[in-house]
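For reference, the structure discussed in these notes is given below.
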Amino acid sequence: MPELPEVEVTRRSFADRIEGAIVRSVRLGAPLRWPLGCTPASLAGTRVGAAERRGKYIWLPLRRDGAPAGGLLLHLGMSGSLAFGTAPAPHGKHDHFDLVTSRGVLRLTDPRRFGAVVWSPALDAPPASALLSKLGAEPFDTALTPQAFHAALQRRSGAVKLVLLGGGIVVGVGNIYACEALFDAGIDPRTRANRISRPRAARLLASVRATLGRALELGGSTLRDFRDAHGMDGGYQAQARVYGREGQPCVRCGALVRRVVQGQRSTYFCAGCQRR
DNA sequence: AGTTAAACCTGGTTGC
DNA sequence: TGCAACCAGGTTTAAC
């Protein structure tokens, strides 16, 4: 479930409650994408600061005796979810990281283990900096103007869907929202990025923002009762206008929604109203 | 240098 | 019922 809206909703769900908590211990399950990068014991006694989000990453800063003590960079991968609970239930098969604190346990559950929890001495120091340095702009950053977005697209020759997915220009757009935003903008996902006109680029940026923004609003309700890792239910499915709708009529023009594969990922679009 | 495949994993669904 | 094939919300790494 983790594209930008889901990650942001997740962050908001525990940031206020965990801030100020003292880390008691850390429990590791099966290996995630990368090693933690420090001994679990070395985190005990640190105090948790204000959780931030960058792209699909969550940064959890830590302090010890009032001084910065690095932090944890978390990623939910494809199937990860975070829960912060006051009653630490016995861990399950797919619970691979527990941050046990004075205010509850922050737990990462991730069946596929593409997720990550990595300690870094600072956000702007390796390994965190290496993971974040290639990221593009935050979608709602006002510095990302239509002109800047268009100029960035002009520098890429690949299919616009893959360019969006890559996150090098704007972060947070995953497979579902890339499809949805391109539908909203009326742009064929196979269009080469550098062949998109300035007005259409402006429209696409607006569509990305509208799509992510609406998901952010709905995401709350979708995730509120989210339980297992395959939680794209109700709210989303109902909202998606092309994603997962292969063979069904387009809600706008009635043509059948198509599925093609780009970059080994499914792309859904309407050839009737999405043009190159 | 920029674009594209392969890799990392588990589990659910589909089809023979 | 069994089993193979395919699919899944991501991103790094290796290879053209």
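First the proteins, then the strands, lettered A, B, ... as listed; each starts at 1.
Straight-line distance between the P atoms of dT11(C) and dA1(B): roughly 24 Å, to the nearest whole Å. dC6(C) and dA6(B) are spaced 14 Å apart, taking the P atom of each and rounding to whole Å. Taking atom P on both dC7(C) and dA5(B), the two are 15 Å apart, rounded to the nearest angstrom.
A cation-pi arrangement, defined by a distance under 6.0 Å to the six-membered ring centre and an angle within 45 degrees of its axis, is present between Arg252(A) and Phe183(A).
Nearest nucleotide to the side chain of Ser157(A), out of dA8(C), dG2(B), dG9(C): dG2(B). Set against dT4(B), dG10(C), dC9(B), the side chain of Arg113(A) has dC9(B) as its closest nucleotide. The side chain of His75(A) approaches dT11(C) more closely than any other nucleotide in the set dT11(C), dG9(C), dA6(B).
Cluster membership for Leu99(A) and Trp119(A), using ILVMFWY side-chain heavy atoms within less than 4.5 angstrom, is shared. Cluster membership check: Leu28(A) shares its hydrophobic cluster with Val23(A), using side-chain heavy-atom separations under 4.5 Å among Ile, Leu, Val, Met, Phe, Trp and Tyr.
Once the 5.5 Å centre distance and the 30° plane angle are applied, the aromatic ring of Phe114(A) is found stacked with the base of dC8(B).
The side chain of Arg259(A) contributes an N or O atom lying less than 4.0 Å from OP1 or OP2 of dC7(C).
Within 4.0 Å (heavy atoms only), Arg192(A) reaches no atom of the nucleic acid at all. Note on Arg156(A): only backbone sugar-phosphate atoms sit closer than 4.0 angstrom, heavy atoms only; bases stay farther off.
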Pairwise N/O distances under 3.5 Å, protein to nucleotides 12-16 of chain C:
from: dT12(C); atom 1: O4'; to: Arg33(A); atom 2: NH1; distance (Å): 3.3

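For Arg265(A) against dA8(C), a side-chain-to-base donor-acceptor contact under 3.5 Å is absent.
Base pairing in DNA chain B gives the following stems of 3 or more Watson-Crick or G-U pairs, range against range and under 3.5 Å: B:2-8 with C:10-16, B:10-16 with C:2-8.
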